[in-house]
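Read through the structure below, which is laid out as structure tokens, and then see the notes.
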Amino acid sequence: IFMKNHIENLKIKNIFFRKNIDWDLKQVNVLVGKNGLGKTTVLNLINSALTHNPCKYLDICDEVIVNLCNKKIYHALKEDLTEDILNKMIQEISTSEEVVDSLMKSIIKDQKLLIKNKKTEKKIRDEIKEKIISEIKLELTPSEGKKKSGYKFGVNVKPIETVFISTSNMNVSATNDVGTSSGSHIKFLNVEINQEIEKLIKINKKNPSHKIQERFIESLNTFLIESNKRAVISKNALEILLHDENILDFEYLSSGERQILFILLKVANSAFDGTVILMDEPEISLHLSWQEKLLDEITKLNNSSQIIIVTHSPAIVMNGWFDCLTEIEDIFVDSTEDI
């Protein structure tokens, strides 16, 4: 199966300022190891290099190099900003007419100013530019002689969208409320699930021959059947049918059931774009039997994405996935060795 964004090799230089990482990856990868060795850090660094989004984990390594099998190379590193770069940034931002125009409009609207002539307009514009420069200098100029740091990403490659599923973030989303325009409140995770359901229905209409919606329901039901429930998509909505055929809204599912629902939706919705799927501890809140069949169902739903999972649970690989298992200690290379 051709995967346009398949990662062939990952190198991380000087992670935690003591080790290098050198890891050859497969289509399905399960990274295990003791707490504190950096499994979640590795996942976040891969995500940062591919998406070009800065993350705090870049502060604790020298460089991340992601080699794809299409020969593209993605990298990310923390970089000290020199005075020249700082000045250039200040110059570019402060002389951007778009920025000045935007601020002008905002000030005129807020203060109900009436600009009588070009001279007044120029004076206001100059004041805005001076204010921008002083604010940027205050923000970017190092204090007490320290260099201000920034992040640098591969310049010859476009960012790749990833699917990053973090169970700890999901648990926060499951408890946090979002206010609606009607004044009611809904859990943030439920909002995300609704968005993914809408996306799945659209994708299914666009690619009817792949029957992704049917396959998703089939996968979800292999988990729900254990509690005498089954899911259907009817009238563009997901319904959960109880054993007596009463309908239950998915919002009333248990945390583990909603978690598996969200994971399977994200996996199904990325089945057509070769997205790299990154999962951080998906086993949390999942029963042992669910952990054992998770990889089977994910790969049935989506066999075009590369999957990288970080876990503490050996049950994830129990169903014939031992070949995909990597101990984090096995990919550590002594930092004196060149990678």
Nearest 0.5 Å, what's the CG-CG distance between L301 and D296? 11.5 Å

Counting only heavy atoms not in N156, do more than 12 fall under 6.0 Å of its CG? no

Distance from E8 atom CD to K72 atom NZ, nearest 0.5 Å? 14.5 Å

Residue E161 excluded, over 12 heavy atoms near CD under 6.0 Å: no

Keeping N246 on the side-chain end and L242 on the backbone end, is there a donor-acceptor pair under 3.5 Å? no

Looking at E257 and K229, is any side-chain nitrogen of the basic one under 4.0 Å from a carboxylate oxygen of the acidic one? yes

Main chain of I201, side chain of K206: is a donor-acceptor contact present, judged purely on distance under 3.5 Å? no

Please assess S313 against E281 for the test side-chain hydrogen bond (donor to acceptor under 3.5 Å, both in side chains), listing each intermediate value before the final yes or no. CA-CA 8 Å; S313 172; E281 298 185 18; over 6 Å; no

Compare all side-chain heavy atoms of L220 with those of E297 and state whether any distance is below 4.5 angstrom. no

Using the rule that two of Ile, Leu, Val, Met, Phe, Trp, Tyr join whenever any of their side-chain heavy atoms come within less than 4.5 Å, decide whether I46 and L77 are in one cluster. no

Treating Ile, Leu, Val, Met, Phe, Trp and Tyr as nodes and any side-chain heavy-atom pair under 4.5 angstrom as an edge, say whether L248 and L224 lie in one connected cluster. yes

Apply the test side-chain hydrogen bond (donor to acceptor under 3.5 Å, both in side chains) to residues S219 and N221: give CA-CA distance (whole Å), side-chain angles for both, the deciding distance (0.1 Å), then the verdict. CA-CA 5 Å; S219 279; N221 283 336; over 6 Å; no

Drop me the distance from T41's OG1 to I12's CD1, to the nearest 0.5 angstrom. 8.5 Å

When hydrophobic residues are tied together by side-chain contacts of less than 4.5 Å, even through go-betweens, does F16 share a cluster with F332? yes

Do I260 and I225 belong to the same hydrophobic cluster, where Ile, Leu, Val, Met, Phe, Trp and Tyr are linked whenever their side-chain heavy atoms lie under 4.5 Å apart, directly or via other members? no

Is there a donor-acceptor pair under 3.5 Å between the side chain of H287 and the backbone N or O of S289? yes

Could you check T326, I316, V310 and say which one makes a side chain to side chain contact (heavy atoms under 4.5 Å, CB included) with V30? I316

